[in-house]
Participant: 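Mind looking over this structure? Questions follow.
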Amino acid sequence: MRAPLLAVHNLTKTYRSGGREVKGLDNVSMSVAAGETIGLVGPSGSGKSTLARVVMRLIEPDSGTIAFGDENLGALSGKALRSMRKRIQMVFQDPSAAFNPRATVADVLADPLRIHGLASRAERPRRIAELLDSVGLPANLAARPVHAVSGGQRQRVAIARALATEPELIVLDEAVSALDVTVRGQILDLLVALQRERGLAYLFVSHDLAVVRAVSHRIAIMDRGRIVEAGPAATVVADPQSETGRALVAAIPRLHIPRLHTLQPHTSQPHGEASQNA
Amino acid sequence: QSGSRLVVAADSEPRNLNPAIVASNGVFFISSKVIEPLAEASFDGGGDGEGGLAPRLATSWEGSDDGLSATFKLREGVKWHDGQPFTSADVAFSALQVWKPLQNLGRLVFANLEAVDTPDDHTAVFRFAKPTPFQLIRNALPVVSSVVAKHIFEGEADIAASEANNKLVGTGPFRFAEHRPGEYYRLERNPDYWGEGEPKLDEIIFRVLPDRAAAAGALEAGEIQLAAFSQVPLTDLDRISKVPGIEVYSKGYEALTYQLGVEINHRRAELANVRVRQAIAHAIDRDFVVRTIFLGYAETATGIVPKNAPEFYNGDVPLHPFDVDKANALLDEAGYPRKDGGARFALRLLPAPYFTETRQFGDYLRQALAAVGIDATVVNNDAAAHQKAVYTDHDFDLAVAPTVFRGDPAISTTILVRSGTPAGVPFSNQGGYENKEIDALIDKAGETVDTAARTALYKQLQVLVAEDLPIINVADWGFITVASSQVKNVSNNPRWAVSSWADTELDA
Amino acid sequence: MMSDVLASLRGLTVTYGSGESAHVALHGLDLDILKGERLAVIGESGSGKSTLALALGGLLPPEARIAGHIGWPGFAAQPRAGRDIGFVFQDAGASLNPVIPVGRQIAEVARLHLGLTRHAARERARALLERVRIPDPDRALGAYPHQLSGGQRQRVAIAAAIAGEPSLLIADEATSALDTIVQAEIVALLDELVRAEGMTLIFITHDIALASGFADRIAVLHDARLVEAGPAPTLLGAPKEAYTAKLLASHIGLDTPPLITEKQP
Amino acid sequence: MSAIKRLLRSPAGVAGLVLLALLVLAALSAPLLFPGDPLAIAGPPLTPPFTDPAFPLGTDRLGRNVLAGLFHGAQASLAVGLAAAAVSIIFGALVGTIAGFAGGLVDEALMRVVDAFQTVPGFLLALAFVSVSGASLPVVILAVALGAWTGPARLARAEVLSIRERDYVAAARVIGMHPAEIALREVLPNALPPVLALAAVIVGNAVLIESALSFLGLGDPNIVTWGSMIAEGRNVLRSAPFLSIVPGVGLVVTVLGVYLLAEGLSDALASRKARP
Amino acid sequence: MNRALRLLRRRLISSIPVLLIVIVGAFFLLELAPGDAADAYLLSIGGGDPALVQALRQSYGLEGSTLSRLWLYLTSLARFDLGWSVTFNRPIAGLIAERLPNTLWLMVGAVGLSFTAGSLLGIVAGSKPGSWRDRLLSTGSLALYAVPSFWLGLVLIVLFSVQLRWFPTSGIETIASGKQGLARARDIAWHLALPVAALGLIYLALFLRMMRAGMAEAWRQDYALAARARGIGPARIAVFHIARNALLPLVTMLGLHAASMLGGSVVIESVFAIPGFGRLAQEAVAGRDAPLLTGIILVSAVLVILVNLAVDMAYAFLDPRVGANEVVA
Ligand SMILES: Nc1ncnc2c1ncn2[C@@H]1O[C@H](COP(=O)(O)OP(=O)(O)OP(=O)(O)O)[C@@H](O)[C@H]1O
Ligand SMILES: Nc1ncnc2c1ncn2[C@@H]1O[C@H](COP(=O)(O)OP(=O)(O)OP(=O)(O)O)[C@@H](O)[C@H]1O
Ligand SMILES: [Mg+2]
Ligand SMILES: [Mg+2]
Ligand code: NI
């Protein structure tokens, strides 16, 4: 295996509120290789978003290290950190909350180009059109306010924004969870295609193990701030080792397509019955 | 009759209620019922056979020809409210320990008082180091001679700060009963009062009503029976005089004349020019002021002595009647032509804040000056800031002042035009006016013992002032008393509101 | 009797607003709801699922105009929300009053519809909390919603919905705010309750797999219209409409082939 | 739908706009209809209204034209209101924004100052300030602002704190935007509108406070304001009630106008937030 | 109630710097004003001579620098001594103790009136937003709010005291009546009726409109829909489910407006001649009595802080979510 692109070690983050302490991250170590997708799953509150945001340096961990390529990402600050951000981007869950309510699509895409000096003012319209094209959106969308496009399109704009700096890693925090299933499929296809073309690595955060399984090379399962299990996607799903892993697998609703063996009303147990003792 | 209680509106609560220390109308209004002066102003004869004074604690008074002494015969059988007898020792103590060193006006009147001899319990002889005109002493008596009890204040380290100043013990027809701050003062009948059959009331309550409109309402609602010192706004008088059971009195303030004057800062080049001052005098329509601002309850002024002081008044002075053209011509002459905008120069006008009328006159004066091309800005200050700006920092151009004529020009009138008063003294010549002739005249009058000669000097002073206008007098006004018709013997002396009210009655 | 019709909708049209801003949320819906069945209503966001639920309960907001007909052959009179129809909403946190202890919120329904005394209603609330498997129901009676976890809140909401012993239970995305593990628990609970009490269930969801798990019949909504409705096996096994097929194809399950080549590049 | 459209759709907002438009019209036309000093003595004092065509609303104590005062008073009242609102919003928003962004000790210190101003009765403060600084229009405006800036400060801080946590700010950090640019382009433009909506409330209060100060004799004597007209008219409340009723109606209309507008505005802003 | 105690402690600690700022600010406000206590006094007695001015300054302790006076004041405060008022020639603590109750009664009455009437009418108006009843109530109360309080007070006096003679025109109680106990309380209540109405009616609009908005907002919440879905009638929802939630912002506002109401009483006290805090403050300013004004402002700040504390407690009582993180069950 090649040297990992992203490697985090012993990350710990404790939230304090009203005298209570919550372990957001509890001694978490993991890595992502270039061109690889790591799926991060776990029940609500298990610390997935915390990890994603710590990696992005949006939240400061209490302790632990974050290395990106040769750089000590966890120790950077100021200008160095800002220029480093070119290489690692993020897509958020709620496509309506992730954009300045006053911005147009063009504004959104121009910002990273301008900040990192990736395109002169004159080149920008063309680059923006290219970016829109790469996520399957028409160029004429650029002039629209972000809030005047549909949810699925908005998430594509978010991906285009992440692609603008030509990063090596994109962190996707529940990036498809808010979308309708038909749209979700398209976005996942897009992500996979982009990875194939550009050798992108993804840290793919979701609570839906089935979706994670569909796009990830490796899967890490989190619970209560810890990574309780990690391994190749197929293995983890087929034979989960941890309690949480087993519960997650059991809880996934299975699409039950009967072979028309009976037209009697269905009276069997729901297919997620195993969950009750989780 | 018993159970008669008179409720009176009061608009302020003096912090020091002792009239021997603070000779001001706000203090007298309440304390004069408790503490008596040697003599009180009167519409008719006095103890010395001359008009204008009525005996109170003194029964007669006489000045020596050389002006070095004055002898007072004191009333016998008078007792303090605590039962101690009133004697000449009390008068001597009051004069030497209180009036001369502490009292705001007594410091001037008794400046040369050296000793008070008490040959017996009922005679006090004032001895002066320099000749002091008896005319002045006599005229000042109602204001400066409130007698306090020696046995109360004797031995006090600091009489001015004594607790006794607010728990008055006097000889007057009423005893001080209680003060509920912010609510009322209560005075009760003195059964041992020397006046026969007096007082007629059992109780007087001064109810604190700071808002004038509220006083009118309370009077109409029958909650109070009397409002003096124009506590009912002049503008409301016309209406309230028609309310049955309510009487309006404009008498009773003859010896309390307030003078509406324009103080001038002579340090301003423009105002140092007598033509400009004359122009300002001509710009003011005194009749309008009397008619509209005072609704007729005032008289146009001719100078620094009001008509209400006939002993000194001199109406034969240069008048500056209302004449806008004349005013404009004078200003042109003085070298201040109208500039493009129509204004000649700009002034800051500071009306004294304590009376509605002074403020209203400020508003009027601004308009009157605008008519002759002087652009005045009214500056609204509260009392402390006004005192500081006008009388300490001299940071003004024109000021509107309600000065008071206190019976004799030497008490508080000449100070308005005499040069040399140090900064910080209110109602004095803080405009920096200096006129050798006037100064000499004032000094001479101060030493002239002979009444006729002294009076003549003051009459001449009025002419000089009217010519040179160090200050512009606009109107002289008294106040209005509004009372329920049940109240009898109202306004029966020239200082009625601040007199003892021993004979005031309340009909059932 | 399975085939007894509980409710019959004919030409049901619901429009929000009026004039140029009018928006048709349901358009000419014809649907029968059968007594005792478990009907799943599926559709994407904005397809009109919630509108349908609210229309059935007579809970549409004032700005909604309703046309067409809803008949209730299964009821003697017009069914009343709470008494005849129970509702469970998506966000249990928001559908419980934050300042009233949950026990009182459940008991209130029981008192109102079953005419119980204060004491009896409280007892019933306790029993219901136990029924929805809240641990330590005595303590939970006095708890406020914010003191409960998301799954527990949804259980309380279910308890309140069935406190009036309704014969129809409508669950509008009752599990979509929960994570998969809790979702499975709640679905199991609903399934069990409905069967035990003999209630009719309308289960609204956007997740076709979830619906396939336990629905007798499925109705598919798309763009305010009913695409198709039918017994679950038929509809899932042989969808008549392309849209239904597309929904099925879009589903990602554990057995869906991965989108990526699983080896590391 | 834009906020303005939504505003035009709310009855309160429209009523407020109409009232305020009338007021602005009166203020603007004052110098044209009544040139010269409205404080000038124009006729006989205390002319009752509707008796002299030259003075349709009569004259006051000194014979000044009440109608002229009403129009010029609109100007002064609006000026006081708008200036006070501008000062308090600008200053408050500045302090609030600094506190919100700086956090830590700076935030703590600034918020304690805000607390201090909020625990002192605003009118008392205004009263003391005007007495001490002399009654003039700028002082009155500052006095009002002294009591009013804490509202915008608190709101601005709260908005900044909440917006700072939004995903789009995180997104801006992720693309490497400079913190200063984030503050100016991402946070402020979105934090300020609700703060600006406070302006209406402040305008209404300012007009009322000015009138109360005038009542206590602390108005600017060189300018007609409705407050000073009422304060003067109250002395003749019984004999010439119109002198306080006329400007009183002006005051009520103004305050009503700004409040209705504020209500419409906050509705318009709220429904924008509620949009999915 | 341990979360209440925690809240209390935090509040108390954070109020210390607040009070310090208030003290220093108030002190400087008057110290930097033109004119001092001697100037104010001199004018009130109608004049004097320069030596008297000097003597006055000395006896008022106005000689040292402002800072040294502030230090003196702070050290005396540290001994819980509010100092000496030169305007009244009395200890400030006694003065304040004498005036405070009057203002408190006025405030309590006005707040009680505006809060109860405001929230009740707000429920009436908010239960049917947009109805004529709602329009009448909310616009009518707003018009009241727009009337300057002093003017409203004067009109009330003319109507109810002078014309109808139902209530006294002014004062806090019948002067020198000698009434005690209950009779006195009744007398005070009778005197306060009009001022309380004048002040309360003004603030009524604030509470009414807030309640109405809160009701409308609460109706939009899911729990209102859920309550309807459980078959609960609209009246019961309004009163039992929504009103309490809608009351929460009102309680907060009570705290926020405590200070402004205290300020509003200045004018009302002046109109109705009530010897209260507001008038005392006016006199302190007029007399350039820095220690007195500072004392007044300090006490009102403490009062406001106490009100806010009470409001916080009430809020914590009304809203179980406040300050709580413990999870039951
Ligand atoms: N700002 C915060 N303050 C306090 N606690 C927090 C904060 N952010 C997260 N937490 C807590 O930290 C834990 C982990 O939260 P996190 O958001 O990382 O979980 P998650 O796995 O992303 O959950 P979800 O699937 O619900 O998004 C949770 O218990 C959460 O309540
Ligand atoms: N109160 C309302 N006013 C106006 N439009 C509304 C209202 N409620 C819903 N709509 C619109 O009606 C359509 C149908 O809404 P509905 O809530 O029934 O959809 P849904 O299928 O439940 O969607 P979701 O899965 O997002 O809950 C949507 O386009 C929605 O925007
Ligand atoms: Mg998360
Ligand atoms: Mg829905
Ligand atoms: Ni099956």
Side-chain angles (χ1 to χ4, degrees), chain C residues 50 53-54 57-62 79-102 104-106 108-113 129 134-149 152 156-157 160-164 166 170 172, chain E residues 1-4 119 126-131 134 211 214-252 312-329:
Chain C
S50 298
L54 295 178
L59 297 172
L60 284 169
R80 287 162 297 158
R83 176 69 188 90
D84 301 309
I85 308 175
F87 272 91
V88 185
F89 295 99
Q90 167 168 359
D91 186 350
S95 63
L96 293 173
N97 195 320
V99 301
I100 301 178
V102 295
R104 288 228 331 252
Q105 299 192 46
I106 301 170
E108 183 183 20
V109 185
R111 277 183 71 188
L112 194 68
H113 295 303
L129 285 175
I134 295 265
D136 198 355
D138 282 310
R139 251 187 100 189
L141 274 177
Y144 290 95
H146 74 271
Q147 294 169 315
L148 304 174
S149 73
Q152 287 171 337
V156 170
I162 62 173
I170 300 178
D172 183 2
Chain E
M1 274 219 105
N2 136 19
R3 76 196 157 104
S119 51
S127 63
K128 226 175 161 195
S131 63
D134 170 35
M211 189 70 191
M215 294 283 290
E217 173 67 30
W219 270 116
R220 281 195 289 272
Q221 299 297 313
D222 280 2
Y223 60 76
L225 178 66
R228 276 175 63 205
R230 286 176 212 139
I232 302 167
R236 197 181 152 85
I237 296 182
V239 175
F240 287 92
H241 289 247
I242 287 184
R244 191 163 156 201
N245 284 285
L247 214 56
L248 289 174
L250 253 75
V251 172
T252 313
D312 282 355
M313 295 291 143
Y315 200 101
F317 174 74
L318 283 174
D319 187 348
R321 289 164 294 186
V322 173
N325 281 309
E326 66 259 50
V327 172
V328 176

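First the proteins, then the strands, lettered A, B, ... as listed; each starts at 1.
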Participant: Which residues in residues 244-252 of chain E have any heavy atom lying under 4.5 Å from a heavy atom of chain C?
Facilitator: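 Result: E:Arg244, E:Asn245, E:Leu248.
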Participant: Who are the ring-ring contact (aromatic ring centres under 6.0 Å, His included) partners of E:Tyr223, not counting sequence neighbours?
Facilitator: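 Expected list: none.
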Participant: Hey, could you give me each pair passing salt bridge (Lys or Arg N to Asp or Glu O under 4.0 Å) that has a residue in residues 87-99 of chain C? Not counting sequence neighbours.
Facilitator: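 Every candidate salt bridge (Lys or Arg N to Asp or Glu O under 4.0 Å) pair involving residues 87-99 of chain C fails, so no pair, neighbours aside, qualifies.
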Participant: When you compare the side chain of C:Gln152 with that of C:Pro135, does any pair of heavy atoms fall below 4.5 Å?
Facilitator: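 Yes; the side chains approach each other to less than 4.5 Å.
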Participant: Measuring heavy-atom distances to chain E, does C:Leu96 have an atom under 4.5 Å in its side chain, in its backbone, in both, or in neither?
Facilitator: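 Its backbone and side chain both get close to chain E.
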Participant: Indicate the atoms forming the closest heavy-atom contact of C:Ala81 with C:Gly57, along with that distance.
Facilitator: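 Reported closest heavy-atom pair: CB-O, 4.0 Å.
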Participant: C:Leu54 versus chain E, heavy atoms under 4.5 Å apart: side chain, backbone, both or neither?
Facilitator: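 The answer is the side chain of C:Leu54.
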Participant: Is chain E contacted by the side chain of C:Val99, its backbone, both, or neither, given a heavy-atom distance below 4.5 Å?
Facilitator: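 Both parts, heavy atoms under 4.5 Å.
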Participant: Within this structure, what is the OG-CG distance for the pair C:Ser50 and C:Leu59, rounded to the nearest 0.5 Å?
Facilitator: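 Those atoms lie 11.5 Å apart.
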Participant: Find the one option among C:Ala160, C:Pro101, C:Ala163, C:Pro166 whose heavy-atom pairs under 4.5 Å with chain E are most numerous.
Facilitator: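 With the most close heavy-atom pairs to chain E, the winner is C:Ala160.
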Participant: Within this structure, what is the CZ-CG distance for the pair C:Phe89 and E:Asp222, rounded to the nearest 0.5 Å?
Facilitator: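 Going from the CZ atom of C:Phe89 to the CG atom of E:Asp222 covers 7.5 Å.
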Participant: Using a 4.5 Å heavy-atom cutoff, which residues in residues 234-243 of chain E come close to chain C?
Facilitator: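 Within residues 234-243 of chain E, near chain C: E:Arg236, E:Phe240, E:His241.
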Participant: Taking all atoms of both residues into account, what is the closest heavy-atom pair of E:Ala226 and C:Ser95, and its distance?
Facilitator: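 That closest heavy-atom pairing would be CB-O, 3.2 Å.
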Participant: Can you say whether C:Leu60 sits under 4.5 Å from chain E via the side chain, the backbone, both, or neither, judging by heavy atoms?
Facilitator: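 C:Leu60 touches chain E through backbone heavy atoms alone.
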Participant: Can any side-chain N or O of C:His113 pair as donor or acceptor with the backbone N or O of E:Arg230 at less than 3.5 Å?
Facilitator: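 The answer is yes, because a donor-acceptor pair under 3.5 Å joins these two groups.
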Participant: Between CD1 of C:Ile162 and CD1 of C:Ile106, what distance do you get to the nearest 0.5 Å?
Facilitator: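 Interatomic distance, C:Ile162 CD1 to C:Ile106 CD1, rounded to 0.5 Å: 9.0 Å.
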Participant: Quick check: do C:Val102 and C:Pro145 have side-chain heavy atoms less than 4.5 Å from each other?
Facilitator: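 Counting from C-beta outward, C:Val102 and C:Pro145 do come under 4.5 Å.
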Participant: Using a strict threshold of under 4.0 Å (side-chain N to carboxylate O), is an ion pair present between C:Arg111 and C:Glu108?
Facilitator: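 No, C:Glu108 and C:Arg111 are not salt-bridged.
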Participant: To check you understand the geometry: which heavy-atom pair defines the closest contact between C:Gln105 and C:Val109, and what is its length?
Facilitator: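 That would be O-CG2, 3.4 Å.
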